[in-house]
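To start, the structure itself, in structure tokens.
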Number of protein chains: 2
Amino acid sequence: MNGPFHPSPAPGRPRQFVLEDVLDKAIQRFSEYGFNGTSISDLNSALGLTSGSIYKAWNDKRGLFLAALNRYMDLRAQAISELLASAHSGRAKLEAMLMHYARLSSEDAGRTGCLVIETAAELAAADPEIAARLAAQRQQREAQLCRLIEEGQQDGSVRKEADPATVAKLLLAIQQGMRILGKTGAAYADMQKLVLEALRLLD
Amino acid sequence: MNGPFHPSPAPGRPRQFVLEDVLDKAIQRFSEYGFNGTSISDLNSALGLTSGSIYKAWNDKRGLFLAALNRYMDLRAQAISELLASAHSGRAKLEAMLMHYARLSSEDAGRTGCLVIETAAELAAADPEIAARLAAQRQQREAQLCRLIEEGQQDGSVRKEADPATVAKLLLAIQQGMRILGKTGAAYADMQKLVLEALRLLD
DNA sequence: TATTATAGGAAACGATCATTTCCTTTTGCA
DNA sequence: TGCAAAAGGAAATGATCGTTTCCTATAATA
């Protein structure tokens, strides 16, 4: 009956913050300092919430982290989708995607880092459930790249001799590698040149 | 007078463990679980040392971590040096180096991960001194790759039109990207194919 | 206006953290 | 054989951790 746009509000006092806004702050904090490097006390100031509110909303610290990780993955996938919509060949889409990563990996955004990579580095060995989540998302990203390469091979913008699955892995490695470079500082101009060089893989 | 090979031992009870052996265990532990994910209690069991011995040898947890990080960097640089010595063109050296990374990034070794990348992801924002150390080591690695590319351009094994500094950054990104792929599981055969594809950047 | 349901938030909880203390053990040397 | 010096190791320290408790505040509803 009640859709999300004319909701009858849940009983009781309504939440006084916007979940998504707080998750964005959590993404920033966890990306820079990691899960274990962020205490609840840190989160109290970073999110502007007391422990009570955090635990009511997400059960525990790990629950908040998972919510932030999921939102991060969603946001990034959505940004890529929009990017791809405005490019009109397999190669143009791959170029747009790589240039997007050049921007993400440069300057301040680069130093903030990628929450997925931070999580893989910090928690893959310690938390099998999170590791499985990361593996699944990587598989999706790899498949997406593979489709774009095949699209490029069909429209003639990508060389036909390339093995799509292998090039997809390689491009994914380049994307993630740029993110690591960004953690210790990368100039946008350098990352752009790097991407232009990487595009030779499609010729 | 006394060289390191016929030392008059330091006064007092001699250390009952080999520093390097313990550091290797610390490298393993920190690579998998990170600095903040490893407690002194964890180290007691992982290293087989009590807290007293750890603190006498390295002052504190961070001191042990820095010693492990330095040893890790040294070991890896040494392995690469040996690899390069047995290759005889710029391209062959770059190929050997990339194939070395394919091995490091695959299977169990890949899941263990790279301590440098783990540290960049976890501590670059929180510890400026460590961040500077990482930036310096990255600069060295980049310069080494750059020299190998230039060597290849001179011996004709690498295309002369490539900008060595840019290709160096790109190869470094590929190496580090492979390491991230390895954290969520990578087959050696796939990483090998990835490297062969990447070598097209040198044509 | 009273009730019910949930959020906000301060304070307290036990557990675990990194580190230190202090005593024992092992070495070289007088 | 006793002393100085440094390592090994158990136990204790204070701080901080994640989490819970409990009370207040704010909403819809009867």
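Proteins come first, then strands; the chains are lettered A, B, ... in the order of their sequence lines, and each starts at number 1.
- Atom-to-atom, CZ of B:Phe65 to P of C:dA18 comes out at 13 Å; the value is rounded to the nearest Å.
- Proximity of a side-chain donor or acceptor of A:Ser81 to a complementary backbone N or O of A:Ala77 within less than 3.5 Å is detected.
- Between B:Phe65 and B:Phe35, the angle of the ring planes goes over 60°, which puts this pair in the perpendicular group of the 30/60° scheme.
- Side-chain contact between B:Leu83 and B:Lys93 is absent, with no heavy atoms from C-beta onward closer than 4.5 Å.
- Within residues 34-64 of chain B, the residues having any heavy atom closer than 4.0 Å to DNA chain D are, in order of number, B:Thr50, B:Gly52, B:Ser53, B:Lys56.
- Listed by chain and residue number, nothing satisfies the ring-ring contact (aromatic ring centres under 6.0 Å, His included) test with A:Tyr101 (two or more places apart in sequence, or in another chain).
- Rounding to whole angstrom units, CZ of residue B:Arg15 and C1' of C:dT27 are separated by 14 Å.
- Between D:dA5 and B:Arg13, no contact under 4.0 Å exists linking OP1 or OP2 to a side-chain N or O.
- The local environment of CG in A:Asp108 is sparse, with at most 12 non-hydrogen atoms from other residues, nucleotides or ligands closer than 6.0 Å.
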